[in-house]
Amino acid sequence: MEQIHLNLLIKNFQPSLIRAMLPEYTFKELEITIQKEWEKGKIFEASEDTSKKKFYALCMFPYPSGKLHMGHVRNYAIGDVISRFKRLNGFNVMQPMGWDAFGLPAENAAIKNNTAPDKWTYENIAQMKNQLKQLGLAIDWGREIATCDSSYYKWEQWLFIQLYKQGLIYKKTSMVNWDPVDQTVLANEQVIDGRGWRSGELVERKEIPQYFMKITDYAEDLLDGLDGLNEWPEQVKTMQKNWIGKSIGCEVDFTLADSEGIIKVYTTRPDTLMGATYLAIAPEHKISIGLANNNEDINNFIIECKKIGVAEADIATAEKKGIFSGIYAKHPLTGKNIPIWIANYVLINYGEGAVMAVPFHDARDFEFAKKYNLTMTKVVDSEFSNEDEVYLGDGKLINSDEFNGLPSLEAKKVITAKLEALSQGRKKIQYRLRDWGVSRQRFWGCPIPMIKCSKCGDVPEAEENLPIKLPAGISIDASGSPLKKLQSFLNCLCPLCGSSATRETDTLDTFFESSWYFARYASFDQDKKMLDERVNYWLPVDYYIGGIEHAILHLLYARFFNRLLYDLKLTNTKEPFHKLLTQGMVLKDGTKMSKSKGNTVDPQDLIDRYGADTARLFIMFAAPAEQSLEWSDEGIEGSHRFLKKLWKLVHEFLEHTEVQELESNNEGAQQLQYKLNATIEKVTDDLERRTSFNTAISSIMELMNMLIKANQIKAIDLVLRKEVLDKMLILLSPFVPHITKYLWEKINKNKVFEDQLWPSVDRAALIKDETTLVIQVNGKLKANMIISVAMPEESIKEAVLKLESVAKLVDQKKIKKIIYVKNKLVNIVI
RNA sequence: GCCGGGAUGGCGGAACUGGUAGACGCACGGGAUUCAAAAUCCCGCGCUAGCAAUAGCGUGUCGGUUCGAUUCCGACUCUCGGCACCA
């Protein structure tokens with residue numbers, strides 16, 4: 001309707017013959033000028049005035065790889081839109097920025113380019129900071145932190161010592177990927193098809209002593225906490241829940257048949273116990289290792305198993321292999337001997353490193369039993385299962401002696417109770433979550449503040465000696481951490497006995513740094529303690545934005561750390577992140593962009609060619625924030641064109657300063673008023689509730705298209721045109737802050753854009769007295785009808801049946817029913 | 001292998017609570033303007049048949065629920081992310 005009306009008028013419109021020269025949209029100069037203004041006016045410095053309502057907007061801080069990539073642009077554009085929107089809504093916004101500066105790439109670059117990791121990292125930070133500034137983000141740069149700075153990692157050394165003293169950090173041995181040629185530990189990423197990426201040699205699993213954090217002590221609390229996270233995506237909460245993997249099952253003791261000792265297994269299916277036909281134990285199980293001493297075949301098998309890396313995905317997808325151990329265990333209920341197999345699919349770090357195998361009711365056991373021709377007994381009956389198929393569901397027990405006929409749920413209880421009575425087993429709550437290994441055999445990380453004393457053992461460093469600084473300017477090679485050979489670092493005195501001792505040379509997992517940086521931003525300049533009372537004003541983070549790839553590890557560790565800080569009374573909030581937005585990945589050629597794959601797209605080209613506003617607008621418009629985005633250069637022109645149109649529109653408005661006498665309540669004006677207010681409502685809702693930025697932008701585009709048409713016919717007076725422009729510029733400003741500030745201040749001389757507030761909706765302008773009704777016959781669209789909203793249902797139905805397109809279909813046929821959805825649709829069923 | 005997502009025109013996507021599939025933008029085609037081009041403006045644009053009015057088909061595949069399904073349910077295919085040392 002609206003379209004037709006305006007189009008008719010346009011046909012009669014004579015374009016003016018004289019058109020003044022428009023100034024060109026010189027985005028580069030404009031953006032630099034405006035960024036300087038922001039910096040000079042300290043516009044984005046967060047106030048510490050705690051009487052103001054605060055909003056803490058945070059994007060996951062970047063690893064300083066040296067160059068911005070599209071994922072960064074997407075992340076920081078989203079964060080900036082939200083923080084600018086909140087600022088316009090009157091909040092005291094803090095949007096800080098920092099650098100997740102420790103990590104593997106610095107070492108790789110150092111080896112490759114023969115530079116020191118610290119030098120490389122700080123150069124990268126300078127470069128990326130320069131790029132980020134070009135994006136025009138509303139960041140409080142005064143709070144910048146870099147995790148490789150000793151003023152930051154000093155506090156995690158301090159924290160490490162507190163937790164060690166509390167028993168929340170302990171030492172045990174665990175597996176790493178060992179490159180036998182380079183004699184160094186490899187990250188999973190550095191193992192390609194089972195081989196070291198540099199040496200090309202088959203990697204081996206090796207067991208070494210490492211420090212662990214007792215995250216499992218917090219498993220239940222971390223699980224419980226998920227329920228309160230109402231502003232987190234369900235998807236992320238589900239993933240974390242499954243990762244923690246709480247299960248209620250049964251621990252069963254199988255005694256060895258011919259020697260002393262028991263094998264404990266954990267099972268969530270005690271109801272299938274009578275179908276357990278063999279035991280499978282991990283190659284690293286102490287019984288396996290014991291047997292290997294006297295048995296060449298077993299020893300060889302275990303060595304063979306070690307050739308699979310430590311990554312769970314590799315273990316799970318490897319071909320299932322096993323070897324008979326030669327020994328038997330007694331079934332706790334039947335007393336029968338069942339064979340014990342050593343199997344590569346049993347994980348040493350889950351449960352007890354041993355499973356009771358029930359081939360008919362577990363897919364892995366089934367595959368294994370088929371391969372080695374092991375006995376299978378079906379113990380759960382189901383109408384859905386075939387004779388020779390694995391059945392994972394519940395059902396009634398069969399082939400289970402006294403338990404026959406019991407349903408699974410009941411059988412679980414009864415069999416567990418029986419085992420308990422026999423002292424052969426017990427109910428057990430088990431978590432899939434494992435303690436967090438934090439030791440890394442690397443140079444470029446936070447030194448673990450422990451000292452090895454030949455008399456006192458492992459001793460934490462004295463707090464007054466912190467920070468233990470990583471030596472500067474050290475160049476490294478492929479042979480592992482230089483700390484191991486660096487006497488100036490190694491030599492120290494034992495804090496307990498004073499005798500000479502050596503430092504721990506392992507450094508911390510870099511997830512350690514990213515687990516508390518959000519709190520440090522609030523106490524960025526505090527050098528007396530880790531955190532101060534300001535964290536209680538700023539925390540929790542109100543809106544946290546980052547890639548979906550961090551859904552489990554980073555976000556779980558950060559939640560865990562925040563609980564540690566809470567228990568140490570350093571913060572008074574348990575959960576660190578109130579609302580979470582997990583942006584989708586920016587993909588290129590269908591896969592994650594990464595340096596190692598060499599498929600990165602450089603956003604600098606876009607910024608140079610089109611400006612930051614265009615780059616920001618395009619990445620926000622191209623796809624919903626939470627979906628992955630397949631990158632394509634096409635389409636950026638459209639976003640740039642939109643900004644050029646906006647530029648032209650405002651400048652044309654500025655030319656026509658003579659007052660135009662026009663009725664302000666003509667039909668075109670009413671339609672424009674309606675559209676303006678509908679757009680304000682839509683954009684507000686999209687930003688506040690729906691986090692749907694692409695649709696917010698498209699609705700502003702619609703508004704602008706309508707205003708352009710209205711301008712051409714000059715049917716709209718200058719007051720309304722200015723109102724629409726003013727408000728439209730504010731709606732658009734979170735996305736494209738430079739051009740909107742510039743144009744808004746052009747229209748509103750002597751006023752400052754930053755003093756403005758988000759526009760409110762004029763409800764009166766949104767009242768409509770007519771609406772379009774959809775007419776269907778048997779659910780298929782046949783016609784439209786404009787009705788008055790006041791029209792009663794009966795009259796509507798009558799009118800619909802009289803419509804020609806309806807009448808000819810209905811004809812003589814019997815009408816079964818008529819469905820009427822108020823102000824929306826009529827469906828005639830014949 | 002396990003856990004969690006995704007699939008809609010030539011392309012990116014929209015349709016919010018089961019109610020007009022394709023908003024907005026890109027690409028493309030036609031026209032205006034121009035000496036010409038770029039830029040800009042106007043019109044068209046799911047597929048098939050038809051001069052047209054119109055009809056049929058159409059949201060990864062197969063099936064179900066419903067007056068009505070992109071939306072809900074079941075099974076599957078492909079694809080992306082994570083799997084504890086990439087960050």
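Proteins come first, then strands; the chains are lettered A, B, ... in the order of their sequence lines, and each starts at number 1.
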Engineer: State, with a plain yes or no, whether a side-chain heavy atom of A:Thr582 is found less than 4.5 Å away from one of A:Trp232.
Structural biologist: no
Engineer: Parallel, tilted or perpendicular: which fits the ring planes of A:Trp631 and A:Phe618, with parallel below 30° and perpendicular above 60°?
Structural biologist: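 If you compare the ring of A:Trp631 with that of A:Phe618, the planes turn out perpendicular.
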Engineer: Please find the pair of heavy atoms, one from A:Thr121 and one from A:Cys148, that lie closest to each other, and give the distance.
Structural biologist: CG2-SG, 4.2 Å
Engineer: Can you tell me how far P of B:G81 sits from CG of A:Leu556, to the nearest Å?
Structural biologist: 21 Å
Engineer: Determine whether A:Phe102 and A:Tyr63 satisfy the following criterion, ring-ring contact (aromatic ring centres under 6.0 Å, His included), listing intermediate values before the conclusion.
Structural biologist: CA-CA 8 Å; A:Phe102 277 138; A:Tyr63 178 81; 9.9 Å; no
Engineer: Heavy atoms from C-beta onward define the side chain here; which of B:A23, B:A87, B:C85 lies closest to that of A:Ser698?
Structural biologist: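 Of B:A23, B:A87, B:C85, B:A23 is nearest to the side chain of A:Ser698.
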Engineer: Of the options B:A87, B:A84, B:C16, whose atoms approach the side-chain atoms of A:Arg689 most closely?
Structural biologist: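 Ranking B:A87, B:A84, B:C16 by closest atom to the A:Arg689 side chain puts B:C16 first.
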Engineer: Could you tell me how far apart A:Glu312 (CD) and B:G1 (P) are, to the nearest whole angstrom?
Structural biologist: 14 Å
Engineer: Nearest of B:G4, B:C86, B:G25 to any side-chain atom of A:Asn242?
Structural biologist: B:G4
Engineer: Which letter, B, S or -, goes with each nucleotide of nucleotides 62-73 of chain B from 5' to 3', with contact meaning a protein heavy atom under 4.0 Å?
Structural biologist: -----B------
Engineer: Taking only side-chain N and O atoms of A:Arg440, does any of them lie within less than 4.0 angstrom of OP1 or OP2 on B:C85?
Structural biologist: yes
Engineer: A:Val191 and side-chain contact (heavy atoms from CB on, under 4.5 Å): which partner among A:Asp179, A:Ile308, A:Val203?
Structural biologist: A:Val203
Engineer: Check the orientation of A:Tyr391 and A:His361. Use parallel for under 30°, tilted for 30 to 60°, and perpendicular for over 60°.
Structural biologist: perpendicular
Engineer: How about A:Gln441 and A:Gln210: does a side-chain donor come under 3.5 Å of a side-chain acceptor?
Structural biologist: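 Side chains of A:Gln441 and A:Gln210: pair found under 3.5 Å.
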Engineer: Looking for any heavy atom pair under 4.0 Å, which part of the strands does A:Ile700 touch: base, sugar-phosphate only, or nothing?
Structural biologist: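 The residue A:Ile700 makes no contact with any strand.
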Engineer: One character per nucleotide, please: for nucleotides 29-34 of chain B, 5' to 3', B when the base has a protein heavy atom closer than 4.0 Å, S when only the sugar-phosphate does, - otherwise.
Structural biologist: ------
Engineer: Reading RNA chain B 5' to 3', how would its secondary structure be written in dot-bracket notation, given Watson-Crick and G-U pairs with both distances under 3.5 Å, brackets [ ] for crossing pairs and | for partners on other strands?
Structural biologist: (((((((..(((......[....))).(((((.......))))).((((....))))..(((((..]....))))))))))))....
Engineer: Let me know the distance between CG of A:Leu606 and C1' of B:C26, rounded to the nearest Å.
Structural biologist: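 In whole Å, B:C26 C1' and A:Leu606 CG are 15 Å from each other.
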Engineer: Where the side chain of A:Asn188 is concerned, which of B:G81, B:C86, B:G1 is the nearest nucleotide?
Structural biologist: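 Within the option list, the nearest is B:C86.
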Engineer: For A:Gln240 and A:Arg559, test the side chains for any donor-to-acceptor distance below 3.5 angstrom and give the result as yes or no.
Structural biologist: yes
Engineer: From the set B:C86, B:A23, B:A84, return the single nucleotide nearest to any side-chain atom of A:Pro105.
Structural biologist: B:C86
Engineer: Of the candidate nucleotides B:A21, B:C43, B:A84, which contains the atom at the shortest distance from the side chain of A:Lys709?
Structural biologist: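 So the nucleotide nearest the side chain must be B:C43.
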Engineer: So A:Thr317, base contact, sugar-phosphate only, or nothing? Heavy-atom distance under 4.0 Å.
Structural biologist: base
Engineer: Suppose we call a contact any N or O donor and acceptor under 3.5 Å apart; does that hold for the side chain of A:Gln190 and the base of B:C86?
Structural biologist: no
Engineer: Which residue, A:Tyr557, A:Phe212, A:Tyr218, forms the ring pair (Phe, Tyr, Trp, His ring centres under 6.0 Å) with A:Trp436?
Structural biologist: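 The single option meeting the ring pair (Phe, Tyr, Trp, His ring centres under 6.0 Å) with A:Trp436 is A:Tyr557.
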Engineer: Please name the residue in the list A:Ser699, A:Ser692, A:Ser698 that meets the side chain to side chain donor-acceptor pair (under 3.5 Å) test with A:Thr695.
Structural biologist: A:Ser692
Engineer: Holding to ring-ring contact (aromatic ring centres under 6.0 Å, His included), I want the full list of residues that pass it with A:Phe366, two or more places apart in sequence or in another chain.
Structural biologist: none
Engineer: Looking only at non-hydrogen atoms, find the nearest pair between A:Val310 and A:Ile315 and report the distance.
Structural biologist: O-CD1, 4.0 Å
Engineer: Measure from CG on A:Asp362 to C1' on B:C2 and round the result to the nearest Å.
Structural biologist: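 Result: 12 Å.
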Engineer: Quick one: which of B:C24, B:G4, B:C83 gets closest to the side chain of A:Leu553?
Structural biologist: B:C83
Engineer: Where does B:G44 land, syn or anti, once you apply the within-90°-of-0 test for syn?
Structural biologist: anti
Engineer: Atom OH of A:Tyr820 to atom C1' of B:U20: distance rounded to whole Å?
Structural biologist: 16 Å
Engineer: Report which part of the nucleic acid A:Val191 touches: base, sugar-phosphate, or nothing (heavy-atom distance under 4.0 Å, all strands).
Structural biologist: nothing
Engineer: Among B:A15, B:U20, B:G19, which is the nearest nucleotide to the side chain of A:Val821?
Structural biologist: B:G19
Engineer: Any protein N or O atoms within reach of nucleotides 56-60 of chain B? Criterion: under 3.5 Å, listing atom names and distances.
Structural biologist:
residue, atom, partner, partner atom, Å
B:C57, OP2, A:Lys780, NZ, 3.3

Engineer: Quick one: list whatever passes salt bridge (Lys or Arg N to Asp or Glu O under 4.0 Å) with A:Asp613, sequence neighbours left out.
Structural biologist: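 Residues passing salt bridge (Lys or Arg N to Asp or Glu O under 4.0 Å) with A:Asp613: none at all.
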Engineer: Pairing donors with acceptors under 3.5 angstrom, does anything connect the side chains of A:Asn784 and A:Thr772?
Structural biologist: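 Short answer, no.
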Engineer: Taking the nucleotide of RNA chain B with the nearest heavy atom to each, does A:Lys320 or A:Tyr557 sit closer to the 5' end?
Structural biologist: A:Lys320
Engineer: Rounded to the nearest Å, what distance is computed from the CG atom of residue A:Asn705 to the C1' atom of nucleotide B:C41?
Structural biologist: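 So the two atoms are 13 Å apart, to the nearest Å.
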Engineer: Nearest to the side chain of A:Glu549, which nucleotide is it out of B:G81, B:A23, B:C83?
Structural biologist: B:G81
Engineer: What residues form a salt bridge (Lys or Arg N to Asp or Glu O under 4.0 Å) with A:Glu549, not counting sequence neighbours?
Structural biologist: none
Engineer: Using heavy atoms to find the nearest nucleotide of RNA chain B for A:Gln235 and A:Trp436 separately, return the residue whose nucleotide is more 5′.
Structural biologist: A:Gln235
Engineer: Holding to salt bridge (Lys or Arg N to Asp or Glu O under 4.0 Å), I want the full list of residues that pass it with A:Asp217, two or more places apart in sequence or in another chain.
Structural biologist: none
Engineer: Pick base, sugar-phosphate or nothing for A:Ala311, based on heavy-atom distances below 4.0 Å to the nucleic acid.
Structural biologist: sugar-phosphate
Engineer: Describe the nucleic acid contact of A:Gln210 in one word from base, sugar-phosphate, nothing, applying a heavy-atom distance below 4.0 Å.
Structural biologist: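 It contacts base atoms.
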Engineer: Which residues pass the ring-ring contact (aromatic ring centres under 6.0 Å, His included) test with A:Trp99, sequence neighbours left out?
Structural biologist: none
Engineer: What is the distance, to the nearest angstrom, from the CH2 atom on A:Trp243 to the C1' atom on B:G4?
Structural biologist: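 Whole-Å distance recorded here is 12 Å.
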Engineer: Can you tabulate the close N/O pairs, meaning under 3.5 Å, that link protein atoms to atoms of nucleotides 7-13 of chain B?
Structural biologist:
residue, atom, partner, partner atom, Å
B:G12, O2', A:Ala622, O, 2.4
B:G13, O3', A:Asn694, ND2, 3.2

Engineer: What does A:Lys237 touch in the nucleic acid at a heavy-atom separation under 4.0 angstrom: a base, only the sugar-phosphate, or nothing?
Structural biologist: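 Contact class for A:Lys237: none.
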Engineer: Just jot down the salt bridge (Lys or Arg N to Asp or Glu O under 4.0 Å) partners of A:Asp362, sequence neighbours excluded, or say none.
Structural biologist: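 So A:Asp362 forms a salt bridge (Lys or Arg N to Asp or Glu O under 4.0 Å) with A:Arg364.
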Engineer: For A:His640 and B:G25, what is the distance between atoms NE2 and C1' respectively, to the nearest whole Å?
Structural biologist: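 Between C1' of B:G25 and NE2 of A:His640: 15 Å.
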Engineer: Quick check on B:C26: is either OP1 or OP2 less than 4.0 Å from any side-chain nitrogen or oxygen of A:Arg641?
Structural biologist: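 Result: yes.
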Engineer: Run the side-chain donor-acceptor check on residues 637-646 of chain A: report pairs under 3.5 Å with partners two or more places apart or on a different chain.
Structural biologist:
residue, atom, partner, partner atom, Å
A:Glu637, OE2, A:Tyr610, OH, 3.0
A:His640, ND1, A:Thr614, OG1, 2.9

